[in-house]
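A short write-up of the structure that comes next.
Values below: all heavy atoms of this structure, side chains included; hydrogens, waters and symmetry mates excluded. Whatever order the structure lists them in is the order used to number ligands and atoms, beginning at 1.
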Amino acid sequence: LEDDEMETSDIQIFYKEESECQNLSQNSCPSSEVSHIYTPVKPRNYQLELALPAKEGKNTIICAPTGCGKTFVSLLICEHHLKKFPQGQKGKVVFFAVQLPVYEQQKSVFSNYFERLGYKVAGVSGATSENVSVKQIVENNDIIILTPQILVNSLKNGTIPSLSVFTLMIFDECHNTGKHHPYNMIMFNYLDQKLGGSSDPLPQVIGLTASVGIGDAKSTAEAVEYICRLCASLDTSVIATVKDNLEELEEIVYKPQKFFRKVESRTTDRFKCIISQLMRETESLAKSIFDEIGTITLEGISQIQNREFGTQKYEQWIVTVQKACTVFQLPDKDEESRICKALFLYTSHLRKYNDALIINEHARMKDALDYLKDFFTNVRAAGFDEIEQDLTRRFEEKLQKLESVSMDPSNENPKLKDLCFILQEEYHLNPESRTILFVKTRALVDALKKWIEENSELSFLKPGILTGRGKTNQNTGMTLPAQKCALDAFRTNGDKKILIATSVADEGIDIAECNLVILYEYVGNVIKMIQTRGRGRARGSKCFLLTSNAVVIEKEKINIYKEKMMNDSISMLQTWNEAVFKEKVLQIQIQEKVIRDRQGKVEPVPDKENKKLLCRKCKAFACYTVDIRVVEECHYTVVGDAFRKCFVSKLHPKPKSFGYFEKRAKIFCARPNCSHDWGIHVKYKIFEIPVIKIESFVVEDIATGAQKLYAKWKDFHFEKIPFDAKEMSK
Ligand SMILES: [Zn+2]
């Protein structure tokens, strides 16, 4: 149910490196011989060092660079743990992986390693949980691999009564243990049991990470505090890092050389002049609408000041304005509909123009122009009312000029020349180089791909692309199989020498051969930076940061500084007396539990007043909240024939099945000239029902007329009546 995935899950699936198996020990051989992973191998000294505190039974966070073989360390710990039990007693290990590809990989590594030792290994992930009994799997196996949400659910519904069934819990990528992440939900349960004075034994807790992070810490003292809080969340008493065997570690995990390159933007930019003029015109058209209303001004809507065309700030401004415009109210409802729709169109066009300016800034003018031409083609194909015709005419008047400006070689983007220069240089030095190029937005991924393909000096690179699965309102994400396909093509096809990716695809991609990482106008947080580095692990690998913005270079230097602060803080904590550290951790845990218990009591009270849902674009009445039913706890449908007249449906371009659902069509506002996207039409069991998304509507209080916007159903607290098959059959 792709259209609704946004409603129910905030977690994105990232790719995690799989190449740790090539790195398991010092006698590992070339990666083509996969079988060596599963035969007994000799651990490296630093791996033994990392495993030591955990083998002594201490709750440990193991913090070591990506690519050093943390998986193997966890196998060592696990094996030691299971073997230490005397006859008649048994251990039970649970290993958590957040991302599906990691889950699959760990399941096969653990199965292969432990089944020959006579232990039983099994796994449950979100994809398989519907058909199996989690309880039985946990009872019948020695090692269980889980995606954490499965355990959260099982603890909640009582199929697993307590964490005491386990003797060891291992959290992969444990720096995620914070806020409402499922890792933290599991640890809340653990800590409630620990602090609640239960006499049942609790499992040992191990966390694995490349970087614990330091949040917003500005000093080493704040960083120490941040790390203590993470330790408190995982009930950690020791942070294990490599200290005695650093030389050996640095031979395995090579840090690429990092280069900062400040590049220049165009000195004059005629494309930007023309588009800015169009934006000023569109803004003043919007202003004249406000003059008609008379009570409010365009400038008065948003707090964001000093906006400039072609910036992220402008995008934020326009999004706020668009939201505010959808809740305008006038006594004359037809008038209200006309005005809201006009403002919706002006703001949508402004947003597209702003996008185009960003593309123009980082890629070619031609790419920015193509982006706009595509947009106007779509506008023509839909409603195409008077306002849209007017805006299209204004654009077309400038089109000739835009075309000629974008064809003019003197308007080439100097940043691209620099990027071209780096690529040529690196491929001249090493024709076998493999590159990953990170950019900020998906539109830029497409633009740079085209640029490489159409550039005779670079077309030999045969670029591939990789973007995240998450959706934005502008673009749909890549599906999991499509991501796998792109990665496989890059890995196995020697001709494909470069992969262009957005930041979302950034956590630990397995591209063992990759020796050149280019960050093109790109900045990430510390955790991201360390993992990006882990990727270019081949000796002689390089990492370039290319930007025209001195601030970006500054930020990256701050990231490096933060990494140092993190390492210093960990070293400092490691000098603390263990008892003192444990006491500090306990105090934090008690404080946090008090806060948690207090918050837990404030359940939102549903508002039982009936409300209207209006189309967010044209304000047409759609339905009442009393007619809404909740399907499978997270999907929302509307009952009754009246609603069926309010929408039209079009066959879905990508029909898909999901559980009991079969996605068949998309639905749109039935008003002529509106056609706003309202959601989808599905077959659910034997019923054909619409499924709507709240972000397409405005909620109006019938009594007061007050209007409100919600992005997610879970934020809208009305009386939610479950879907009832009997009611439908009536
Ligand atoms: Zn509408």
Are more than 12 heavy atoms from other residues, nucleotides or ligands located less than 6.0 Å from atom CD of E633?
no

Charged tip of K650 within 45° of F668 ring normal and under 6.0 Å
yes

Could you tell me whether the side chains of K440 and Q312 share a donor-acceptor contact shorter than 3.5 Å?
no

Determine whether the side chains of R596 and Q599 contain a donor N or O and an acceptor N or O closer than 3.5 Å.
no

With side chains defined as the heavy atoms from C-beta onward, is the minimum distance between Y624 and K612 less than 4.5 Å?
yes

Residue-atom pairs from the protein, N, O or S only, that lie under 2.8 Å from the Zn ion (ligand 1):
C615 SG, C618 SG, C669 SG, C674 SG

Assign the ring pair F375 / H349 to parallel, tilted or perpendicular, where the plane angle (0 to 90°) is split at 30° and 60°.
perpendicular

